[in-house]
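Small disclaimer: the values here were computed from a predicted structure and weren't measured. Protein chains get the first letters and strands the later ones, always in sequence-line order, with residue 1 at the start of each.
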2 protein chains.
Amino acid sequence: MPADTRGDNVDRVLEQWRAERPALDAAPMGVVGRVQRACRLLEKGLGDYFATQGLQLWEFDILATLLRSGPPYRLTAGALGASAMVTSGAVTNRVDRLVKRGLVDRETDPDNRRSVLIGLTEEGRALVDTALSGHVANERRLLESLDPEQQDALAGLLRTLLVDLGDAPGEGGS
Amino acid sequence: MPADTRGDNVDRVLEQWRAERPALDAAPMGVVGRVQRACRLLEKGLGDYFATQGLQLWEFDILATLLRSGPPYRLTAGALGASAMVTSGAVTNRVDRLVKRGLVDRETDPDNRRSVLIGLTEEGRALVDTALSGHVANERRLLESLDPEQQDALAGLLRTLLVDLGDAPGEGGS
DNA sequence: CGAAAACGTCTTAATGTCGAACTGTTCGAC
DNA sequence: GTCGAACAGTTCGACATTAAGACGTTTTCG
């Protein structure tokens, strides 16, 4: 058994910095680096499940965003882009493909013809509805190394961070 | 002032699920979603700093990986790809561009001619050395909403998660 | 009322990644 | 030793994203 089976790859990185730059306090790297790696590994885990459902991560993301918005399951292109943190060009492209698959439809907003409302079709609603519970179960499995209290603690710390980084509802204005 | 200035955008999402699917325990979404959003916002924050240094995030990533590996500041292409979690094709492309900028050089491993060793040039070493302290200071600023104990707690929780997800040093084999 | 600014989406061009096929190298079995 | 399998990088094609600008719509305000 190797000496240090303990720790993750970020611990290795921090050890390297300690050896190479003893004067550098690299603690912030331990946090940022782990958020990045956890994100990639979690998204890989999510993608593995969606693949079994014939879905891409981003497809489920859009469909689920529409579903949770409640009846009539319609949002503007801009709202979808903000939710997914992608540009308007990406929204156009993604919606195009979902329309081709018959999972959503486009409709110009009657009250504001600049806006486009994207709505779930019956088929899209059924598909996301089916995938939803399996998705959450999969997320629960990915997080099973943390007990419920730890998961709450993790969510709480990240909430604090996110609010500070500007990821808050009313945070768009001057 | 709007009613709920409290909470982040993920709190909004969870509220929507409670309204639309009361039977669904969406707690895992609160964790996974926050890791994703924090990752994107942090990477945006990192990129803003690197832009001031004439660097891309991935450029610093490669240069810093080489630097912290210690003298002689040389790693194989495979090691760089594993560290950055990208495919070998991406490594080839990135190293090509860094070679063009004169920041790294390529050399076939004399002991194993399949391998390519990528090494920091003097110019590359100087550049990453200059950017390093500013980068860490920037990370510290991005995390300033959490006190040191909270940052440690966050790192610890993520370490547990990462180890379980397979992000551990000796975790390649059967 | 009309011109100009702001807005929301789509379009286009440039870029970067992945996945798979390909080239060359090394190791193991016979 | 030689053959074949595993390995390390590179190349190529498909695809998706971003950034910037175009287009039509709405709002502002003189």
Cluster overlap A/Val35 with B/Val163, hydrophobic side-chain contacts below 4.5 Å: no
Whole Å only: how far is the CG atom of A/Leu80 from the C1' atom of C/dG8? 13 Å
Starting at atom CD of B/Glu59, determine the distance to atom P of C/dG16, rounded to an integer number of angstrom. 9 Å
Determine: side-chain N/O of A/Arg114 to OP1/OP2 of D/dT27, distance under 4.0 Å, yes or no. no
Review item, side-chain donor-acceptor pairs of residues 82-94 of chain B, under 3.5 Å, at least two apart:
from: B/Ser83; atom 1: OG; to: B/Arg68; atom 2: NH2; distance (Å): 3.4
from: B/Thr92; atom 1: OG1; to: B/Ser88; atom 2: O; distance (Å): 3.2

Let me know the distance between CG of B/Asn112 and C1' of C/dG24, rounded to the nearest Å. 11 Å
Take the protein atom CZ of B/Arg106 and the nucleotide atom P of D/dA8, then report the distance between them rounded to whole Å. 17 Å
Distance in angstrom units between A/Glu107 CD and C/dC10 C1', rounded: 18 Å
Please state how far atom CG in B/Leu117 lies from atom C1' in D/dG9, giving the value in whole angstrom units. 12 Å
Take the protein atom NZ of A/Lys44 and the nucleotide atom P of C/dC18, then report the distance between them rounded to whole Å. 10 Å
I want to check something: taking the side chain as every heavy atom from C-beta on, are A/Arg106 and A/Leu117 in contact at a cut-off of under 4.5 Å? no
Nearest-nucleotide 5' precedence on DNA chain D, B/Ser115 against A/Asp109: B/Ser115
Between B/Cys39 and A/Arg40, is there a side-chain heavy-atom distance shorter than 4.5 Å? yes
Tell me, for nucleotides 11-22 of chain D in 5' to 3' order, what letter each nucleotide earns: B for a base near a protein heavy atom under 4.0 Å, S for only sugar-phosphate near one, - for neither? B----SBBS---
Do B/Val136 and A/Asp25 make a side-chain contact, defined as non-hydrogen atoms from C-beta onward lying under 4.5 Å apart? no
Scan every strand shown for a Watson-Crick or G-U wobble partner of D/dT2, both distances under 3.5 Å, and answer none if you come up empty. C/dA29
Any side-chain heavy atom of B/Leu161 sitting closer than 4.5 Å to one from A/Glu144? no
ring-ring contact (aromatic ring centres under 6.0 Å, His included) filter on B/Phe60, not counting sequence neighbours, yields B/Phe50, B/His135
May I have the distance from A/Arg113 (atom CZ) to D/dT27 (atom P), rounded to whole angstrom? 11 Å
